[in-house]
Amino acid sequence: MLEAMYKAQVGDDVFGEDPTVKELETRAAAMFGMEAALYSPSGTMSNQIAIKAHTQPGDEVICDFSSHVYQYEGGGIAFNSGASVQLLQGSLGRITAAQVEAAINPDDVHKPHTSLVSLENTANRGGGSCYDIREIEGIRRVCDENKLKLHLDGARLFNALVAKNESPKDHGKLFHSISFCLNKGLGCPIGSLLVGNKEYIRKARRIRKVFGGGMRQAGYMAATGLYALDHHIERLKEDHEHAKKIAGELCQKKYVGEILPVETNIIIFEIKGSKSPAQFIDDLKKENIYTLTMSSTQVRMVLHLGVTREMVEVVRKVIKGIE
Ligand SMILES: Cc1ncc(COP(=O)(O)O)c(C=O)c1O
């Protein structure tokens, strides 16, 4: 990846003159069967641009209560778009077509105007859970019937595609916009792409500039994205196998309660009894294993290309030894 960065041809991308950024955007759009793409520094910026480009102030966005766009983007929907949210109680971060339909506001001056539905796949707080594509088809039907736009926060979409054996085009035809991250399991230092139709991406590019996301010789970074799309997609299944192995160890410990179903590279599990999540996290930290609290009772582990097979064996051994 570093070699790809050294060799990158660059130019000023704010003027549309960086050939490597253009190549990455063209490749991303083609992968999803979309017309155009926009490169941004982060998944948060891509999502926030996406929402701003789909909504007007006073609109309402429907999403699951645990969505990253609502929980972890600093109130960006309100701050950047002046929109309100309708939060749904989904299951493992996934919502249904019936829930969406029931949440659409009537055409009533008292109510915010529902204009956008945002899904997350895989769902971070759902333990890396994946949507069934038929559910997404149902949600898109509801959106079409009610003139709503459908956005996907696909920060870890490639994990879902590998786990479900689906293609980017299967999803490209179901959404008006998709953001996906290069900086997570795909292993880039920064970067996210937003794909959509030409007109939408033209609007999104203006918003990126307003957000301060216009970049100059960004081709050095875009080269990491091209490298990752060539080399780091298929290997995501190793991360999924690693996650299952670690979950297999965790489920044998009496201080571990519910483990959310492990479908991809995330393990979210409950710590119960006399041990607290903070104590467990400290025990692991002493062995250089870094994890995160997800709630007062839950811990999250994430697997990625920096965690090798050998490291996974060490993690299993350490967990075995913690009483
Ligand atoms: C589901 C989801 N969406 C978006 C993001 C934002 O990505 P970034 O950290 O690049 O802003 C994350 C980051 O963890 C995420 O988990």
Side-chain angles (χ1 to χ4, degrees), residues 24 28 37-52 54 61 63-77 79-81 85 87-88 90 92-95 116-131 136 150-163 171 175 177-195 204 207-208 211-213 215 218 221-222 224-225 228 232 236 239-240 243 260 262-268 290-295 298-307:
L24 177 63
L38 179 73
Y39 183 50
S40 285
S42 71
T44 300
M45 189 180 278
S46 279
N47 281 333
Q48 290 301 317
I49 291 170
I51 293 167
K52 177 88 184 141
H54 280 309
V61 181
C63 60
D64 181 79
F65 75 98
S66 68
S67 304
H68 196 279
V69 292
Y70 176 72
Q71 294 281 355
Y72 300 116
E73 299 187 6
I77 297 178
F79 189 85
N80 297 313
S81 299
V85 285
L87 298 177
L88 302 181
L92 296 174
R94 297 174 311 222
I95 55 179
L116 178 64
V117 177
S118 180
L119 308 183
E120 187 173 308
N121 197 16
T122 69
N124 175 27
R125 288 275 297 259
S129 68
C130 306
Y131 266 93
I136 303 176
L150 183 59
H151 170 68
L152 175 66
D153 173 359
R156 298 185 185 80
L157 178 59
F158 281 94
N159 292 88
L161 297 182
V162 166
H171 288 254
F175 291 91
S177 59
I178 296 177
S179 64
F180 71 89
C181 282
L182 297 164
N183 64 1
K184 300 200 165 45
L186 294 180
C188 297
I190 70 165
S192 165
L193 284 142
L194 176 66
V195 295
I207 297 168
R208 186 187 67 175
F211 283 2
M215 296 177 285
M221 285 298 158
T224 69
H232 291 169
L236 290 172
D239 297 338
H240 303 175
L260 300 188
V262 178
E263 290 187 59
T264 53
N265 66 329
I266 296 179
I267 318 163
I268 294 181
Y290 289 83
T291 57
L292 202 68
T293 30
M294 264 327 243
S295 70
Q298 287 172 310
V299 174
R300 186 188 79 163
M301 290 185 177
V302 178
L303 282 298
H304 53 80
L305 88 173
V307 183

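Atoms within each ligand, like the ligands themselves, are counted from 1 in listed order. Note that the structure is a prediction, hence the values are computed from the model and not measured. Both backbone and side-chain heavy atoms feed into the values below; hydrogens, waters and symmetry mates do not. Along the sequence shown, the residues carry numbers beginning at 1.
- His151 is linked by a ring-ring contact (aromatic ring centres under 6.0 Å, His included) to nothing, counting only residues two or more places apart in sequence or in another chain.
- The closest side-chain heavy-atom distance from Val85 to Phe65 is not below 4.5 Å.
- Between Tyr72 and His68, the two ring planes are tilted [angle within 30° to 60°].
- In terms of modelled atom types and a separation under 3.5 Å, the side chain of Thr264 and the main chain of Gly128 share a donor-acceptor contact.
- Exactly one of Met301, Arg156, His240, Arg125 qualifies for a side chain to side chain contact (heavy atoms under 4.5 Å, CB included) with Ile266. That residue is Arg156.
- Within 4.0 Å of ligand 1, heavy atoms belong to protein residues Ser42, Gly43, Thr44, Asn47, His68, Glu73, Glu120, Asn124, Asp153, Ala155, Arg156, Cys181, Asn183, Lys184.
- Side-chain N/O atoms of Ser179 and Ser46 include no donor and acceptor closer than 3.5 Å.
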